[in-house]
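Keep in mind that what you see is a predicted model, and the values were worked out from it rather than measured. So that the names make sense, note that chain A is the first sequence line, chain B the second, and so on, each numbered from 1.
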Amino acid sequence: MLALPCLYPPQEETCNAASATVALFYTVLFTFTERLASKPTVMSTWRRLHVKVRTTRGLFSPRRVSEQSTWLCGRLTLSQSLRTGRPFRNDFFKDLEAQLAAMRKKAADALPGSSWSPFEPNPNLPPERADIVIVGGGVMGWSIAYWLKQKERIQRGLKVVVVERDLTYSQASTVLSAGGIRQQFSLPENICLSLASAEFMRNINEHLGVLNEDPVDLQFNHSGYLFLASQDVAHIMEENYNTQRQAGAKVLLLSPAQLKEKFPWINTDGVVLASYGLENEGWFDPWTLLNAFRRKAISMGVIQCCGEVTDFDYTINVMKTVDGSRMDFRRIKSVKVQMPNSLEYQAVECAIVVNAAGAFSGKLAQMLGIGCGPKDTIAGIPLPVEPRKRYVYVVHCPDGPGLDCPFLIDYSGVYFRREGLGGNYITGASPEEAEEPDISNLEVDNQFFEDKVWPSLAYRVPAFEKLKVTSSWAGFYDYNTFDQNGIIGIHPLTNNMYFATGFSGHGLQHSPAVGRAVAELILDGNFKTLDLSGLGFRRILAQEPMLERNIV
Amino acid sequence: MSAPLMSLHRCFQRSAFCLVGRRMWSSSSVSPPPLHTRMLLFLTQRFYDIEMLLRWRSHMKRRSIQKKNAYYGYTKSFYGPDIAAAYYILSLKGGFRYTGQSDWFRADQRGKFSWDFLNHKDTSLEEVDMSYTVINYTGLENFYGQQSLKTLLLRGCPEVDDWFLARLHMFQDSLEELDISHCPRITTGGLAALRNLKGLQRLDISYLPGISSPGLVIILLEEMLPHCQITASGYDHNLRQQGEEEK
Ligand SMILES: Cc1cc2nc3c(=O)[nH]c(=O)nc-3n(C[C@H](O)[C@H](O)[C@H](O)COP(=O)(O)OP(=O)(O)OC[C@H]3O[C@@H](n4cnc5c(N)ncnc54)[C@H](O)[C@@H]3O)c2cc1C
């Protein structure tokens, strides 16, 4: 292509027929190959070629000169004076093309099913219509979005929108968590969820790898969880151990002597029994998991939208029960999404809403009127999920346990784990029910470390007597006040809102499996791989808690 | 004529293409990927179909690895776990030695092996050499119940990763020697799981490209496994020296 201009002798100003044809041929060739190389379909190339040929014929000499001008500085003035006419005529055809394109677009917009509106749309607004709206873009929300796309039967057959109010995730529990995964739960459902999630993470690149992008590296630390039990709770630990073994988890029970042998740096006073996870336990980077889910889901066509869900538009069907009391059945028609820092909002019409708003899912359910009915009826039972503030402290202790430090959970409630290789550890504890801190902000109470965490920590591991708190943060547990377990499924009185919330400190590790379960519930109508019906809303209405005894 | 072509064609922004194109050809410090890779990259950016084919290819690759590492349940039910493990090893072109015997059974370059190993029913394996094979996490299932395995050589195995190392706890009472050098997918997070191997006496972790700050990791490993002799060559010299002083 670069050699092209040299074909025209620079002196030749008047064009004869022969050179005109040659030049025309080259220009056509040029435009053709240029078009081809730069993109559109062959058909439109031909169509445009037509126009181009006509254009070039009329514009032949100015084009030639201008091409020379780039090569011959001496002719610059001349070519510039000649060029004046060219933009004008070229503009005419360019305009024509643009006009035609605009016309085609208008015609397409006028067709039914297009999302055209008479106002200039804000490009950040969510679409007007969607099949499924997921509220909350934490790890739960994105996992559900991924699995919905993964399970859809026709490619691009489902329109899924994820609404997240804060794309910096400054308050989301996902990125403020400790990132641990364990199988040491007391409920078979939780154990199976963990096993399934661990398998997902083992093959994460088969699930979440995107072609031509870097593989996902979760930075998984296979260090295991170590639970310590005192005299009072040893029998519970033994029971849990049996449940865990039955579900297929590789867990080991240790006597204090064995514990001392395996972890010589632990003070075993007061410990009667310990259980240690051999496989599929450890911790990983929550950010990486969240971003991997998000990247994959977006690559599969999920729409991400930044905005806050502030209201729902729903219909109410009133029904009477046999004994004559009134029941309101709600059905969501649209979700109102408020744009950040503006008064603008968009109502997204949708068939199904997924409540994955983590700690704030209780508030979201309230907007729908769940729990606002008269007391002692089903409508009066709220979603029992509320934010609870938990502190995490990063401490530096060069003489600490080192590489063989597991995720240790003491019977006092204090936990710690290694963070990196430089002698840093993260630690924390859950406060007493009566001493729950204020949840209006995410400030850290350093006194809590001095009073509640450090004494137990230093007692258990004497090396921690000398340590330095280097930083700290706080995050919200999506705390289920009813039984500290996840709530998965629909509300009986609102039949198109699905819940995936209330995981109370183990939501991150369960997100891959829960996402799959919710997608099955939505697309297949019931659970296919793991039966989680025990974790539905029904238990709350029936007041039958599924208590998890290994809550950290 | 154009309709099928149109369906093949990928809608994408011209600018994005230019950007990628330029980046592809002008990388100066990092050596560019080979021509056919760039060609494929270029094509996947234009056609969904090529992307599909590539995805399908990687899927088939994974499938074939998975198939090679399948659970030898059929052999196990007929000949017992030891023969099943032995058969699995030979099928993957590895080698092994039975407990109490001196000669090794090995597959040759082309994967051929003699069937004499069938004569030793109910003899457990003592040494296994799976170097440069595609053994992975699932394949380990075939070794379940090998209580007297002392040596496991996994030099240069592309599929050995951290999850694999975490699963080695099944040999926690017997394993004495482990060679995981040249395994590209091992990281520090997996090495921490070796703490479960109580009887480990020799460990080779040379040339692991996946571990960052190897000097520190080696020191920490030596702290964690005090009775184990750790070989770690192929790392930055200054850091190596630190590691040796600590020893
Ligand atoms: C200190 C701490 C330690 C933890 N440790 C662990 C651990 O070791 N292992 C483990 O498995 N789990 C752990 N967890 C729990 C885990 O982090 C949570 O269970 C999990 O992240 C919940 O994910 P989520 O997506 O449901 O919630 P989130 O990550 O909180 O996401 C919810 C999102 O919804 C958005 N949102 C809320 N309301 C609206 C609205 N109206 N409109 C639009 N968007 C909205 C929020 O901005 C937020 O980003 C820990 C939690 C904390 C706080």
Residues 60-68 of chain B, side-chain donor-acceptor partners within the protein, below 3.5 Å, at least two apart:
from, atom 1, to, atom 2, distance (Å)
B:Ser64, OG, B:Lys61, O, 3.3
B:Gln66, OE1, B:Asn136, ND2, 3.3
B:Gln66, NE2, B:Thr138, OG1, 2.9

Task: Region of B:Leu221 that comes under 4.5 Å of a non-hydrogen atom in chain A - done: both
Task: Whether over 12 other heavy atoms sit under 6.0 Å from A:Glu206 CD - done: yes
Task: Selection from B:Leu54, B:Leu220, B:Thr188 maximising heavy-atom pairs under 4.5 Å formed with chain A - done: B:Leu220
- [ ] Identify which of A:Leu252, A:Asp217, A:Asn221 forms the greatest number of heavy-atom pairs closer than 4.5 Å to chain B.
- [x] A:Asn221
Task: Pick from B:Gln172, B:Met224, B:His169 with the largest number of heavy-atom pairs that fall under 4.5 Å of chain A - done: B:His169
Task: Distance (rounded to the nearest 0.5 Å) between B:Met52 CE and A:Gln155 CD - done: 7.5 Å
- [ ] Heavy-atom distances under 4.5 Å only: say whether A:Glu281 touches chain B with side chain, backbone, both or neither.
- [x] neither
Task: Over 12 foreign heavy atoms within 6.0 Å of CD, A:Glu199 - done: no
- [ ] Sort and list the pairs that fulfil side-chain hydrogen bond (donor to acceptor under 3.5 Å, both in side chains) and have at least one residue in residues 246-255 of chain A, not counting sequence neighbours.
- [x] A:Ser255-A:Gln258
TODO: Using a heavy-atom cutoff of under 4.5 Å, enumerate the residues of residues 139-166 of chain B that contact chain A, numbered in order, or state 'none'.
DONE: B:Tyr144, B:Asp162, B:Trp163, B:Ala166
In residues 192-202 of chain B, what donor-acceptor pairs under 3.5 Å come from side-chain atoms, sequence neighbours left out?
from, atom 1, to, atom 2, distance (Å)
B:Arg195, NH2, A:Lys262, O, 2.8
B:Arg195, NH2, A:Asp404, OD2, 3.4
B:Asn196, OD1, A:Tyr276, OH, 3.4
B:Arg202, NH2, B:Glu177, OE1, 3.2

Open item on the list: I'd like to know whether CZ of A:Arg245 has more than 12 heavy-atom contacts from other residues, nucleotides or ligands below 6.0 angstrom.
Closed with: yes
Open item on the list: Using 0.5 Å steps for rounding, measure from the OH atom of B:Tyr137 to the CD atom of A:Glu279.
Closed with: 3.5 Å
Open item on the list: For the CG atom of A:Leu403 and the CG atom of B:Leu216, what is their distance to the nearest 0.5 Å?
Closed with: 9.0 Å
Task: Contact class of A:Leu211 relative to chain B, heavy atoms under 4.5 angstrom - done: side chain
